[in-house]
Protein chains: 2
Amino acid sequence: MSVTLDYVPQLRARGYRMTSQRMAILRVLHHFGGHLSPTQVYEQARKQLPNLTETTVYRTLEFLAEHGLARSAHMGNGHLVYEIAQHEHHHLICRNCGNTVEVKHSLLKTMYQKLESSSGYKLTDSHLTFFGLCSDCK
Amino acid sequence: MSVTLDYVPQLRARGYRMTSQRMAILRVLHHFGGHLSPTQVYEQARKQLPNLTETTVYRTLEFLAEHGLARSAHMGNGHLVYEIAQHEHHHLICRNCGNTVEVKHSLLKTMYQKLESSSGYKLTDSHLTFFGLCSDCK
DNA sequence: CATGCTATTGCAAGAAGTTGCAATAAGGAA
DNA sequence: TTCCTTATTGCAACTTCTTGCAATAGCATG
Ligand SMILES: [Mn+2]
Ligand SMILES: [Mn+2]
Ligand SMILES: [Zn+2]
Ligand SMILES: [Zn+2]
């Protein structure tokens with residue numbers, strides 16, 4: 001069965017609706033797997049839904065991220081990219097050559113706990129971007 | 001002596017120049033202390049330098065961050081803010097009420113080391129933004 | 001299946017951020 | 001001081017992102 005239908009109950013339960021626009025965008029994110037910019041999502045999703053607008057893409061991506069169906073990340077230039085929400089992970093990018101490595105969340109787990117107990121906050125996000133110099137560039 | 005002049009040798013050594021635009025922007029960042037959006041920097045700096053353009057502000061802020069005189073941070077909406085580079089710190093923001101707390105870098109130190117040894121990267125950045133729910137909101 | 005409520009979308013206008021290029025002005029050298 | 005190189009800026013055109021509002025369409029209810 002269609003991947004996107006799995007999300008319907010999640011939305012309904014919170015009073016939201018599944019629309020053709022949301023389905024198309026979820027399908028794009030799910031199929032591509034990696035990070036996509038709003039414009040890239042727009043280009044892809046438009047193939048399925050020609051009268052989709054960029055406005056809706058921006059609003060939908062933000063909506064999906066807010067409700068845990070997608071994750072956003074900034075890749076250094078101040079622009080957000082999005083991906084389908086799956087396993088928790090982070091990114092490490094070389095400032096010089098742009099090479100990127102995925103970071104397991106388990107590496108940050110104890111730090112997250114320290115942060116939570118010292119601040120009283122409950123951390124919700126696990127999709128950070130770190131910057132550094134890779135072994136070749138440093 | 002003027003704060004901004006202290007930066008001159010740092011720039012010269014790398015082949016860059018100190019300009020009235022850079023001075024004005026550094027003065028604004030230094031005087032304000034906290035995070036400012038490019039537009040806010042523009043508004044302030046323009047008081048000293050009426051024919052400054054927004055283009056130059058964007059390019060200058062990026063330049064200053066790239067060379068360690070300023071730090072950038074994204075505050076959740078995908079937009080960058082800037083501040084003068086001083087002590088290393090991070091931020092923790094409540095997704096619900098927007099309340100923010102400063103996080104000491106020392107809390108992340110051992111995690112940074114783990115990350116470095118497991119990835120082979122040398123981490124350059126210490127100005128992250130974490131998201132969560134504050135004690136009132138969670 | 002028809003109706004009504006309201007979440008969601010598209011449109012239009014505007015704000016924010018980017019880029020190429022020619023003119024300007026730091027600042028090293030003579 | 002004057003000259004010269006080239007880093008830096010301003011301008012104009014463009015792309016990306018945001019917002020208010022009226023029209024549309026999910027979907028719950030009867
Ligand atoms: Mn990711
Ligand atoms: Mn900060
Ligand atoms: Zn590298
Ligand atoms: Zn809160």
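Just the heavy atoms: all of them, side chains too, but no hydrogens, waters or symmetry mates, feed the values below. Residue numbers begin at 1 in each chain, while the letters A, B, ... track the order of the sequences.
Summarising the geometry, atom CG belonging to D125(B) is positioned 7.0 Å from atom OG belonging to S72(B); distances are rounded to the nearest 0.5 Å. Taken to the nearest 0.5 Å, the CD atom of E88(A) stands 10.5 Å off from the CG atom of L128(A).
Within a 6.0 Å radius of NZ in K138(B), more than 12 heavy atoms belonging to other residues, nucleotides or ligands are found. Environment of CD in E62(B): sparse, with no more than 12 heavy atoms of neighbouring residues, nucleotides or ligands closer than 6.0 Å. Other residues, nucleotides and ligands contribute only 12 or fewer heavy atoms inside 6.0 Å of the NZ atom of K122(A).
For R12(A) and T53(B), each mapped to the nucleotide of DNA chain D holding its nearest heavy atom, the one lying further toward the 5' end belongs to T53(B).
Whole-Å rounding puts the L49(A) CG to dA25(D) P distance at 11 Å. In this structure, CE of M23(B) is placed 14 Å from P of dT8(D), rounded to the nearest angstrom. Computed from coordinates, the L52(A) CG to dT24(D) C1' distance equals 15 Å when rounded to whole Å. The CG-C1' distance, from L26(B) to dT8(D), rounds to 15 Å in whole Å. Rounded to a whole Å, the CE atom of M18(B) is 15 Å from the C1' atom of dT9(D). The nearest whole Å value for the distance from the CD atom in Q10(A) to the C1' atom in dG26(D) is 18 Å.
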Pair up each side-chain donor or acceptor in residues 26-36 of chain A with any protein partner under 3.5 Å, not counting sequence neighbours, and list the distances.
from   : atom 1 : to     : atom 2 : distance (Å)
R27(A) : NH1    : Q48(A) : OE1    : 2.0
H35(A) : NE2    : E83(A) : OE2    : 3.0
H35(A) : NE2    : H91(A) : NE2    : 3.1

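Not a single donor-acceptor pair under 3.5 Å links the side chain of R12(A) to the backbone N or O of Y7(A). A donor-acceptor pair under 3.5 Å is formed between the side chain of R71(B) and the backbone N or O of Q86(B). No donor-acceptor distance shorter than 3.5 angstrom exists from the side chain of S37(A) to the backbone of V81(A), with no hydrogens or angles considered.
Checked by atom type, the side-chain pair H127(A)/H90(A) shows no donor-acceptor distance below 3.5 Å.
Here the side chains of M75(A) and I93(A) are in contact, with some heavy-atom distance below 4.5 Å. Side-chain contact between Y121(A) and S135(B) is absent, with no heavy atoms from C-beta onward closer than 4.5 Å.
Taking every heavy atom of residues 66-74 of chain A and every atom of DNA chain C, no pair lies under 4.0 Å.
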Every protein N/O lying under 3.5 Å from an N/O of nucleotides 16-23 of chain C:
from    : atom 1 : to     : atom 2 : distance (Å)
dG17(C) : OP2    : Y58(B) : OH     : 2.2
dG17(C) : O5'    : Y58(B) : OH     : 3.0
dG20(C) : O6     : R59(B) : NH1    : 3.4

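Proximity of T56(A) to the phosphate of dG10(C): a side-chain N or O atom is located under 4.0 Å from OP1 or OP2. At the phosphate of dG10(D), OP1 or OP2 sits under 4.0 Å from a side-chain N or O atom of Q21(B).
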For every nucleotide of nucleotides 1-7 of chain D, 5' to 3': is a protein heavy atom under 4.0 Å from its base (B), only from its sugar-phosphate (S), or from neither (-)?
-> ----BBB
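Direction change of the helix axis from one end of the helix from dC1(C)-dG30(D) to dA30(C)-dT1(D) to the other is 30°, with five pairs defining each end axis (rounded to 10°).
For Y42(B) and Y58(B), the gap between ring centers reaches or exceeds 6.0 Å.
Every ring pair (Phe, Tyr, Trp, His ring centres under 6.0 Å) that H74(B) has, sequence neighbours left out, goes to H74(A).
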